[in-house]
Amino acid sequence: MTGLDVAFAAAGTVAAASAVLSVTTRHVVHAALWLVVSLGAVAGCYLVLGAEFVALVQVLIYVGAVVVLVLFALMLTRAPIGPNEEVSASPLHRALAAVLAAGVTALLAAVLVPLARVVGAVRRGGPGTTGLGEQLFGTWVWPFEALSVLLLAALVAALAVAGMARGRGAGEP
Amino acid sequence: MTEAAKGSRAAGIPGLVRGLAATARTLARPTHTSEYPDAPPSLPPRSRGVIALLAENCTSCMLCARECPDWCIYIDSHKETVPATTPGGRDRQRNVLDRFAIDFSLCMYCGICVEVCPFDALFWSPEFEYAELDIRELLHERDRLGQWMATVPPPPALDERSADPAEVSALGKPARAPRAPRQAAAEEGQA
Amino acid sequence: MSPAVEVLVRTVAVLAAFLVLPLLVGQTEHKVMAHMQGRLGPMYAGGFHGWAQLVADGVKFAQKEDVTPAAADRPVFRLAPAVGLVPYLVALAAVPLSPGLVGADAPASAVLVLAATAVGILGTLMAGWASANKYSLLGAMRAAAQLLSYELPLVLAVASVCLAAGSLSLTAIAGAWSPWWLLWQLPGAFVFLVAAVAELQRPPFDMPVADSELVFGAYTEYTGLRFAFFLLAEYAGIVLMSLLFAVLYLGGWKGPLSGDLGWLWTLLKGFVVSVLVIWMRVAWPRLREDQLQRLAWLGLVPLALLQLALTGVWVVATA
Amino acid sequence: MIHLEGPFLLAAVLAGAGTYGVLARRNAVLVLIGVELVLNAATVLLVAVGSTGGDRWAAGWVLTLFVITIAAAEVCVALAVVLVLFRQRGDVDVTAEAMAGEGRR
């Protein structure tokens with residue numbers, strides 16, 4: 001165990017615990033807020049792993065935009081204060097889901113943890129921000145361009161979906 | 001987009017600049033604020049602050065109390081007999097003012113009492129700093145009303161170009177011709 | 001100096017700047033706004049021209065009762081001011097006043113500042129939702145819509161400057177600055193300024209706190225110190241955005257006698273920008289919600305993209 | 001130096017939590033939160049192996065940025081769909097009968 005190990009363990013524990021809380025809480029908006037904590041802690045993990053730029057992008061895009069959008073959508077689709085049983089499925093359904101989720105976790109852990117020795121250990125030797133930029137606009141430039149097209153398509157699609165609803169709404173008597 | 005919206009868009013940028021210019025101009029000019037408790041306010045002449053009482057002129061005629069729209073003037077008086085000054089003369093009765101109070105929590109500063117007073121006992125004073133913490137203390141008695149007489153400004157000078165008062169002009173006129181005797185007039189009528 | 005002491009000194013310095021500079025901007029707003037409206041502003045607290053007015057306000061806020069509405073979501077309601085305030089503190093620490101004078105010298109400080117300010121909006125959203133008040137909720141939703149829309153042009157404008165300087169570090173950006181940028185990055189500077197004012201929810205972009213419609217938006221239910229924290233966050237935001245504008249577009253510490261007094265230049269330029277922000281508040285009326293979105297998507301985003309293309313072409317052409 | 005067991009375990013837990021969220025939630029937006037957690041499990045893995053410095057894993061960080069971008073696009077469209085759903089049905093319950101509101105129109 002090194003100091004960085006301890007730092008990662010702390011951030012990782014927070015991330016895991018708040019992730020579990022965010023899928024189990026009965027308060028609708030609390031779920032999104034726990035997601036913020038989880039994503040922030042994951043960004044902290046990236047920081048510990050030496051990927052500052054990725055951590056900052058995580059905060060900027062995920063916390064700053066995605067979660068805000070999620071919160072916005074929650075508030076628009078009725079998010080009462082206080083616990084609400086309606087947000088989760090029936091107890092049986094939940095139990096099955098929990099079994100499945102535990103299975104997923106166990107399976108992934110069983111596959112990944114033995115691999116950890118094979119891959120090695122993190123020496124904070126990632127490409128760095130400069131290297132990241134070079135990779136992004138060198139090796140990965142075409143996927144990058146494709147992604148920008150995807151973003152544009154998503155924007156247009158969101159507009160189209162919203163516009164479709166409005167068009168229908170206007171057509172109603 | 002409608003035509004009106006287009007017009008407002010075209011007017012947008014100059015409008016914004018004008019807004020900035022107007023505020024900058026105001027910034028450069030002296031402010032309008034008067035620092036009241038530190039600097040005395042410059043009130044317009046004859047401003048209506050409070051009603052002062054000259055108790056010596058008051059005859060307790062009750063005109064003001066009766067004309068007051070919200071009945072905020074309280075007057076108490078009693079009659080006093082003044083003995084005859086000449087032998088064989090009659091004793092005279094006279095009103096003596098016991099209490100004169102104005103409730104400034106009710107007063108609406110209409111000034112009707114000042115207007116109707118036939119004996120010049122009520123005056124407008126520009127004094128306005130008589131606020132109280134308790135509304136009941138706004139009922140001011142005769143002595144307090146009397147103190148405000150000191151702040152009443154002198155009446156405005158008469159206009160030089162105006163006609164003389166009736167009393168003065170009457171003095172300058174020649175005396176009327178004496179009336180014809182009653183008898184003569186009667187005779188003329190008969191003729 | 002041992003690392004621990006240095007960290008302590010830096011923390012204290014940033015904290016002091018965080019507490020003093022917003023007060024300075026607040027007092028400037030009191031006085032400048034008053035004189036622009038033909039008034040004097042506060043004149044009594046502290047004696048000379050009411051310089052201690054905001055300190056007195058702070059004392060007043062500290063004395064007030066801390067009310068949490070009965071229907072509110074207590075933990076979220078109480079946490080929201082901190083979530084609104086702390087990101088600005090983090091961001092302010094990363095803004096350099098001169099090459100050697102910076103709270104925390106992060107390699108990608110431009111992105112750090114943007115990321116931190118993006119988190120600040122969560123405080124408003126939490127406050128608005130947790131207050132159990134329809135005006136608060138409406139204000140929070142307006143704030144969310146507005147901040148999401150203006151985040152994009154803001155990031156694009158900063159990206160343009162980063163591209164021009166070839167660095168993500170604010171120190172390096174200001175180091176690469178030359179007066180020619182004033183013209184070259186002018187559209188980007190305009191976009192940044194407008195988007196920054198909108199991010200701060202300052203007039204003319206104060207729809208989320210429009211007093212005639214929503215009382216005080218997401219902050220309606222707040223009292224005492226928690227309310228003061230939101231106010232502090234607003235003014236800290238002005239300080240942050242003004243300093244950022246000074247560093248990104250006005251060359252930061254560059255100017256005559258910049259050897260030792262460079263930090264003074266940065267502060268001075270930032271102060272001028274914050275006076276401009278105050279001036280906008282006095283001079284212009286509030287935008288309507290649809291005008292707000294129209295300006296962001298049809299005005300600022302294309303302009304920022306244009307600036308980005310211009311910068312890219314120039315950088316490639318001169319490389 | 002950080003041992004990779006930590007990141008890998010974190011990824012496993014995040015993926016499990018996300019799976020539970022997707023399966024057990026009825027509110028569509030909360031299902032989306034589960035999806036985000038699964039995506040984050042993937043990015044944790046990518047960043048962790050990208051930070052080992054090995055040439056084979058050098059693309060980890062870039063792919064993380066891609067995943068974040070795709071997540072943003074996905075959320076954008078998904079929330080638009082959710083809002084339309086809400087406007088038409090009055091709730092965002094994913095377990096309700098498909099298009100229960102269809103008969104109304």
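Throughout, a chain's letter reflects where its sequence line sits, starting with A, and its residues are numbered from 1.
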Undergrad: Do you know which of D:V75, D:V82, D:T43 has the most heavy-atom pairs under 4.5 Å to chain A?
TA: D:T43
Undergrad: Please look at D:F86 and chain A and tell me whether the side chain, the backbone, both or neither of the residue comes under 4.5 angstrom of a heavy atom of that chain.
TA: side chain
Undergrad: So for A:A102, is it side chain, backbone, both, or neither that comes closer than 4.5 Å to the heavy atoms of chain D?
TA: neither
Undergrad: Does the side-chain contact (heavy atoms from CB on, under 4.5 Å) test come out yes or no for D:L10 and A:C45, once each step is laid out?
TA: CA-CA 10 Å; D:L10 175 61; A:C45 291; 3.8 Å; yes
Undergrad: Taking all heavy atoms of A:A154 and all of D:C76, pick out the closest pair and write down the distance.
TA: O-SG, 4.4 Å
Undergrad: If I take atom OG1 from residue A:T105 and atom OH from residue D:Y20, how far apart are they, to the nearest 0.5 angstrom?
TA: 12.5 Å
Undergrad: Could you tell me which of D:V77, D:L37, D:L45 has the largest number of non-hydrogen atom pairs under 4.5 Å with chain A?
TA: D:L37
Undergrad: Check whether A:V70 gets within reach of chain D through its side chain, its backbone, both or neither, counting any heavy atom under 4.5 Å.
TA: both
Undergrad: What's the separation between atom CZ in A:R94 and atom CZ in D:R26, rounded to the nearest 0.5 Å?
TA: 10.0 Å
Undergrad: Counting heavy-atom pairs under 4.5 Å to chain D, which of A:A158, A:A51, A:A109, A:G12 comes out on top?
TA: A:A51
Undergrad: Find the one option among A:T139, A:T13, A:T25 whose heavy-atom pairs under 4.5 Å with chain D are most numerous.
TA: A:T25
Undergrad: Does any heavy atom of chain D fall under 4.5 Å from the side chain of A:S18, the backbone, both, or neither of them?
TA: neither
Undergrad: Return the minimal non-hydrogen interatomic distance between D:A72 and A:V66, and the atom names on each side.
TA: CA-CG2, 4.0 Å
Undergrad: Tell me, side chain or backbone of A:A7 under 4.5 Å from chain D's heavy atoms, or both, or neither?
TA: neither
Undergrad: Checking D:L46 against A:V54 for the side-chain contact (heavy atoms from CB on, under 4.5 Å) test, could you report, in this order, the C-alpha distance in whole Å, the side-chain angles of both residues, the deciding distance, and whether it holds?
TA: CA-CA 11 Å; D:L46 285 170; A:V54 181; over 6 Å; no
Undergrad: For A:L35, which atoms come within 4.5 Å of any heavy atom of chain D: side chain, backbone, both, or neither?
TA: side chain
Undergrad: Taking side chain as everything from C-beta outward and backbone as N, CA, C, O, which of these in A:F53 sits under 4.5 Å from a heavy atom of chain D? Side chain, backbone, both or neither.
TA: side chain
Undergrad: Test side-chain contact (heavy atoms from CB on, under 4.5 Å) on A:Y62 and D:N40; report intermediate values, then the result.
TA: CA-CA 10 Å; A:Y62 252 122; D:N40 261 267; 3.5 Å; yes
Undergrad: For chain D, find which of A:A65, A:A157, A:S22 contributes the most heavy-atom pairs closer than 4.5 angstrom.
TA: A:S22
Undergrad: May I ask you to name which of A:V20, A:V28, A:V67, A:L69 has the most heavy-atom pairs under 4.5 Å with chain D?
TA: A:L69
Undergrad: I need the residue from A:L150, A:L155, A:V111 with the largest number of non-hydrogen atom pairs under 4.5 Å to chain D.
TA: A:L150
Undergrad: Under 4.5 Å heavy-atom distance to chain D, tell me which part of A:V23 shows up: side chain, backbone, both or neither.
TA: both
Undergrad: Could you tell me which portion of D:L30 (side chain, backbone, both or neither) has an atom closer than 4.5 angstrom to a non-hydrogen atom of chain A?
TA: side chain
Undergrad: Under a 4.5 Å heavy-atom cut-off, does chain D meet the side chain of A:T24, its backbone, both or neither?
TA: both
Undergrad: What part of A:P114 gets within 4.5 angstrom of chain D, counting heavy atoms only: side chain, backbone, both, or neither?
TA: neither
Undergrad: Flag the one option from D:L65, D:L9, D:L14 with the top tally of heavy-atom pairs under 4.5 Å to chain A.
TA: D:L65
Undergrad: Restricting to non-hydrogen atoms, name the atom on A:A16 and the atom on D:V13 that form the minimum distance, rounded to 0.1 Å.
TA: CB-CG1, 3.6 Å
Undergrad: Which of parallel (below 30°), tilted (30 to 60°) and perpendicular (above 60°) describes D:F66 and A:W140?
TA: perpendicular
Undergrad: What are the two closest heavy atoms between A:L49 and D:P7, and how far apart are they?
TA: CD2-CG, 4.4 Å
Undergrad: In the structure I gave you, are the side-chain heavy atoms of D:I70 and A:L147 within less than 4.5 Å of one another anywhere?
TA: yes
Undergrad: Do A:Y46 and D:T64 get their side chains close enough for a donor-acceptor pair, meaning under 3.5 Å?
TA: no
Undergrad: Can you say whether A:V99 sits under 4.5 Å from chain D via the side chain, the backbone, both, or neither, judging by heavy atoms?
TA: neither
Undergrad: For D:E74, is it the side chain, the backbone, both or neither that has a heavy atom under 4.5 Å from a heavy atom of chain A?
TA: neither
